[in-house]
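Structure first, commentary second.
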Amino acid sequence: MDDADLVERARTARENAYAPYSEYTVGAALVTADGTVYTGCNIENANYSNSLHAEEVAVGKAVSDGHREFERVAVSSGAQDGVTPCGMCRQTLSEFADDELVVVCDEGDTNRSYSLGTLLPDAISAETLGRE
């Protein structure tokens, strides 16, 4: 699946977003090591801290189906403003992917790609916690 197809999957997922408070809809599409694609959208709550981010939803769906390795993720906002995963979502992605995970961001007519390591240098890991 190329970047354009993956971004389109994120855009489609974004259509299901529940964002009545911020009105900032986000969709994500996550590719696992075996090529399976999981999507997610943001789900807001009046108590903002209980809101779910699109990337978290996609990761949760993939992990609950037994996937633990990811290769790329695309993120799209309703503004198509090149949104990148927030710090919390970057850390969540780093739990299951190395620094080379490709993060594709929807900028409308174009896409921008980053590596997860560029977006989140020195992530907290099992190694930094002394678990490896």
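Residue numbers start at 1 and run along the sequence shown.
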request  = Flag yes if Val73 and Val59 sit in one hydrophobic cluster, no otherwise; membership is Ile, Leu, Val, Met, Phe, Trp, Tyr, and two members link when side-chain heavy atoms are under 4.5 Å apart.
outcome  = yes
inquiry  = Is there a path of hydrophobic side-chain contacts, each under 4.5 Å between heavy atoms, that joins Tyr48 and Met88?
reply    = no
Do [X] and [Y] come close enough that some side-chain heavy atom pair is under 4.5 Å?
X      : Y      : value
Leu129 : Ile124 : yes
Val31  : Thr36  : no
Cys41  : Asn16  : yes
Glu100 : Arg72  : no
Thr39  : Leu30  : no
Val63  : Tyr38  : no
Asp99  : Leu116 : no

inquiry  = Set out, in order, the CA-CA distance, both residues' side-chain angles and the distance that settles side chain to side chain contact (heavy atoms under 4.5 Å, CB included) for Thr32 and Glu69, then state yes or no.
reply    = CA-CA 6 Å; Thr32 67; Glu69 296 178 22; over 6 Å; no
query = Between Ala28 and Ala13, which heavy-atom pair has the shortest distance, and what is it?
reply =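 Closest approach of Ala28 to Ala13: O-CB, 4.0 Å.
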ask   = For Leu6 and Ala74, which heavy atoms make the closest approach, and how far apart are they?
value =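 It is CG-CB, 3.6 Å.
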ask   = Are more than 12 heavy atoms from other residues, nucleotides or ligands located less than 6.0 Å from atom CZ of Arg112?
value = no
task = Flag yes if more than 12 heavy atoms outside Asp2 fall under 6.0 Å of its CG atom; otherwise flag no.
result = yes
request  = For the pair Glu71 and Met1, evaluate side chain to side chain contact (heavy atoms under 4.5 Å, CB included) and give the outcome as yes or no after the intermediate values.
outcome  = CA-CA 11 Å; Glu71 293 188 353; Met1 174 172 294; over 6 Å; no
[X] side, atom [atom1]; [Y] side, atom [atom2] - distance, nearest 0.5 Å:
X      : Y      : atom1 : atom2 : value
Leu120 : Gln91  : CG    : CD    : 5.5 Å
His53  : Cys86  : NE2   : SG    : 4.5 Å
Glu44  : Tyr21  : CD    : OH    : 8.0 Å
Glu95  : Arg68  : CD    : CZ    : 10.0 Å
Asp3   : Ser113 : CG    : OG    : 4.5 Å

Okay, side chain of [X], backbone of [Y]: is any donor-acceptor separation there less than 3.5 Å?
X      : Y      : value
Thr118 : Tyr114 : no
Asn42  : Val26  : yes
Glu56  : Cys89  : no
Thr25  : Ala17  : no
Ser22  : Ala19  : no
Arg90  : Pro85  : yes

Derivation of the side chain to side chain contact (heavy atoms under 4.5 Å, CB included) call for Asp106 and Val83 = CA-CA 7 Å; Asp106 181 6; Val83 66; over 6 Å; no
query = Going by the angle between their ring planes, with limits at 30° and 60°, are Phe96 and Phe70 parallel, tilted or perpendicular?
reply = tilted
ask   = Step by step, would you call Leu101 with Leu93 a side chain to side chain contact (heavy atoms under 4.5 Å, CB included)?
value = CA-CA 9 Å; Leu101 176 81; Leu93 289 164; 4.1 Å; yes
message = Hydrogens and angles aside, do Thr92 and Glu55 bring a side-chain donor and acceptor to less than 3.5 Å of each other?
response =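 No.
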query = Between Arg9 and Ser76, does any side-chain donor sit less than 3.5 Å from a side-chain acceptor?
reply =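 Short answer, no.
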